[in-house]
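Worksheet: one structure, shown below.
Here the structure is a predicted model, which is why all the values come from computation and not from measurement.
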Amino acid sequence: MSGLLYPNKDMMKATGKDYAASGLWSHTDLAYIRHDPALMPFIAFPPVRNSFHDLIQSRRRFPIDRNLLWSALSKQYKALGLEVPVTEEVLLSPDTFTVTTAHQPVLLTGPLYHIYKIASTIHLSQTLSKPEYSIRCLPVFIIGGEDHDWAEVNHLHLFGRQYQWERPASGSCGRLSLEGLDALVASVKELFNSSNFAVQVHQLLDDALAKASTYAQFHHLLLHGLFGAHGLIILNMDDASLKRAFVPWMERELQEQFSYQYVTPTQGELEKAGFKPQAYCRPVNLFYMSEGSRERLEPNADGYLRVDSQIQYSKEAILKELNEAPERFSPNVIMRPLYQECILPNLAYIGGGGELAYWIERKSQFEAAGIHYPMLIRRNSLLLIDDSTTAQMEKAGLTLDDLLLDIDTLTKTYLIRNSHTDTDYQTELGWVKSAYAQLAEKAKPLDPTLATAIEAEGARQLKQFEQLGSRLLRAEKQLQETNLRKVQKIKEKLFPENSLQERHDNFLPFYARYGPQWIKDMIEVCDPLTEQFTLVELGTP
């Protein structure tokens with residue numbers, strides 16, 4: 001993928017680059033992208049196009065309760081005054097499958113990669129719905145609202161500033177009320193009052209705020225406003241009826257501690273293959289949820305303990321409560337993949353590198369549970385470059401490849417390329433090094449100690465020469481200081497805090513400038529099977 005164009009008002013150019021061109025991805029992530037043979041024993045289907053026919057046939061052998069799924073979706077959408085973006089007839093068909101992604105309800109979607117995960121999922125579902133596959137594929141987003149790490153989800157970054165929802169919080173984030181959210185939304189809306197699509201931004205946020213009573217519902221409405229027209233189905237797994245369907249596996253987790261039996265050895269095998277373990281697997285990988293709390297369950301000699309409250313259960317008592325009130329039990333990161341795959345007719349899970357790293361620890365666990373293990377596909381990673389930044393890059397003579405360099409290398413490259421004199425002293429350094437090496441060789445037959453002295457003097461001279469060369473570079477840097485600041489400013493804008501843009505910036509500035517078309521463009525460009533870092537030069541709106 002290189003130089004591909006996608007329609008926009010002024011066109012949008014997307015250029016694919018090798019992930020390895022930048023040092024911002026982990027060893028495991030790069031290995032998965034490259035289809036490292038060492039990882040193949042831990043996956044069921046390679047994430048390539050010619051795997052899908054076998055994947056579909058494999059998935060058919062693991063039916064799910066489609067009526068239950070339709071009932072849960074209908075109830076959740078009805079509570080928000082919405083229609084499910086698919087008919088009951090389509091969902092109940094055995095020829096309908098899903099592609100799924102999931103994420104915590106980060107404030108106003110949080111970093112951009114939240115958007116890219118969904119766009120990648122919709123793109124792949126559209127690909128698999130083509131006649132060649134003879135199925136209908138639906139994109140599904142799961143709200144990870146049961147998580148209780150409030151500090152991870154209560155903020156976003158806009159225009160270099162962090163906005164945080166200030167409120168006390170405990171327990172499931174998705175169950176929280178919207179106390180104080182209106183004030184934060186009002187502050188965010190003010191930032192876009194003069195934007196091209198200010199009306200759409202205000203309506204999107206106001207609608208979500210007006211119709212929701214919990215934070216999970218707010219997130220649902222926000223995503224529906226952005227992606228509902230593109231067929232995205234949003235599912236909240238914090239649902240009593242869905243939890244009831246998962247009771248048999250939660251019973252096994254309590255009674256047999258089966259996840260620990262399978263995940264831990266797999267992590268050991270991965271470690272031997274050179275990959276670090278990701279998610280810590282406990283003897284019991286379930287939480288107990290009550291009003292305002294989500295507590296880890298821990299087995300002990302007397303049965304099970306709720307760690308925070310120190311409430312003790314006998315084995316009989318915990319199993320009785322599980323069957324009577326399954327909504328009080330919450331899978332952790334080890335059990336959550338099993339839960340969603342036993343509920344959905346899912347073909348593939350789309351996630352970031354960190355997510356896939358813990359999914360690849362699950363194959364034997366899935367086999368032991370008798371649940372279909374999906375294809376694992378890495379979501380797209382994008383770098384968005386607006387038209388003003390593109391103009392600044394052209395003026396500075398920066399290329400897309402330059403952007404992938406770390407700031408020190410970029411600075412040196414820019415100075416050498418634009419210097420008033422030739423500041424690259426590596427050739428001369430090589431001459432000096434060669435001269436001392438040749439002189440030492442001549443001395444060796446006559447006096448080995450003289451050769452050693454020459455080599456030592458050469459090392460000292462090389463060090464001094466490098467110091468002088470660095471001074472030459474610094475002198476040029478002072479002359480280029482104004483231009484360098486502009487280059488560094490471009491780099492810092494596109495890689496804030498020396499990190500990926502997608503892990504920091506929020507979608508709202510782009511949506512406010514380009515409108516709903518930007519969502520369409522993201523779906524178009526996010527083909528998760530391209531397996532390249534995509535640099536997107538946005539046109540003029």
- Is there side-chain contact between M40 and I43, with heavy atoms separated by less than 4.5 Å? yes
- Lys/Arg N to Asp/Glu carboxylate O, K315 vs D302, below 4.0 Å: no
- Task: Drop me the distance from Q261's CD to Q257's CD, to the nearest 0.5 angstrom.
- Result: 8.0 Å
- Note on the structure: Those residues at least two apart in sequence (or on a different chain) that pass side-chain contact (heavy atoms from CB on, under 4.5 Å) with S170 are none
- Look only at the side chain of N285 and the backbone of R282, and say whether a donor-acceptor pair between them is shorter than 3.5 Å. yes
- Report yes or no: is the cationic atom of R513 (NZ for Lys, CZ for Arg) closer than 6.0 Å to the six-membered ring centre of F197, at no more than 45° off its axis? no
- Looking at Y116, does the NZ or CZ of R379 lie under 6.0 angstrom from its six-membered ring centre and within 45 degrees of the ring axis? no
- Message: I want to check a possible cation-pi pair here: R296 against F287, using under 6.0 Å from ring centre and within 45° of the ring axis as the test.
- Response: no
- Only one of L108, L107, V153, L156 passes side chain to side chain contact (heavy atoms under 4.5 Å, CB included) with W165; say which it is. L107
- Checking S120 side chain against N380 main chain: does a donor-acceptor pair fall under 3.5 Å? yes
- Pairs in or reaching into residues 315-347: which pass ring-ring contact (aromatic ring centres under 6.0 Å, His included), with residues at least two apart or in two chains? F246-Y339, Y288-F329
- Item | SB check K520 E524 (cutoff 4.0 Å) | no
- Message: So for atom CD, which belongs to Q162, do other residues, nucleotides or ligands contribute more than 12 heavy atoms lying within a distance under 6.0 Å?
- Response: yes
- Salt-bridge test for D206 and K189: reply yes if a basic N is under 4.0 Å from a carboxylate O, no otherwise. yes
- Message: If you define the side chain from C-beta out and look only at heavy atoms, does anything of L223 sit under 4.5 Å from T109?
- Response: yes
- Message: Suppose the criterion is side chain to side chain donor-acceptor pair (under 3.5 Å): which pairs have a residue in residues 34-44, not counting sequence neighbours?
- Response: H35-E531
- Task: Specify whether H114 and F141 have parallel, tilted or perpendicular ring planes, treating 30° as the upper limit for parallel and 60° as the lower limit for perpendicular.
- Result: parallel
- Candidate pair L338 and R362, rule side chain to side chain contact (heavy atoms under 4.5 Å, CB included), full reasoning: CA-CA 9 Å; L338 295 178; R362 302 286 183 274; over 6 Å; no
- Item | Donor-acceptor contact below 3.5 Å, side chain W249 vs main chain A369 | yes
- Can you find a heavy atom in the side chain of P509 that is under 4.5 Å from one in the side chain of F192? yes
- Query: Which word best sums up how the rings of H155 and H157 line up, parallel for under 30°, tilted for 30 to 60°, or perpendicular for over 60°?
  - Reply: perpendicular
- Please confirm whether R161 makes a cation-pi placement over Y163, using NZ or CZ under 6.0 Å from the six-membered ring centre and within 45° of the ring normal. yes
- In terms of the angle between their ring planes, are Y133 and F52 parallel, tilted or perpendicular, with boundaries placed at 30° and 60°? perpendicular
- The salt bridge (Lys or Arg N to Asp or Glu O under 4.0 Å) partner of E146 among K243, R175, R328 is K243
- Item | Evaluation steps, ring-ring contact (aromatic ring centres under 6.0 Å, His included), between Y77 and H220 | CA-CA 9 Å; Y77 272 79; H220 184 142; 4.6 Å; yes
- Picking from L500, N506, V106, D505, what satisfies side chain to side chain contact (heavy atoms under 4.5 Å, CB included) with P111? V106
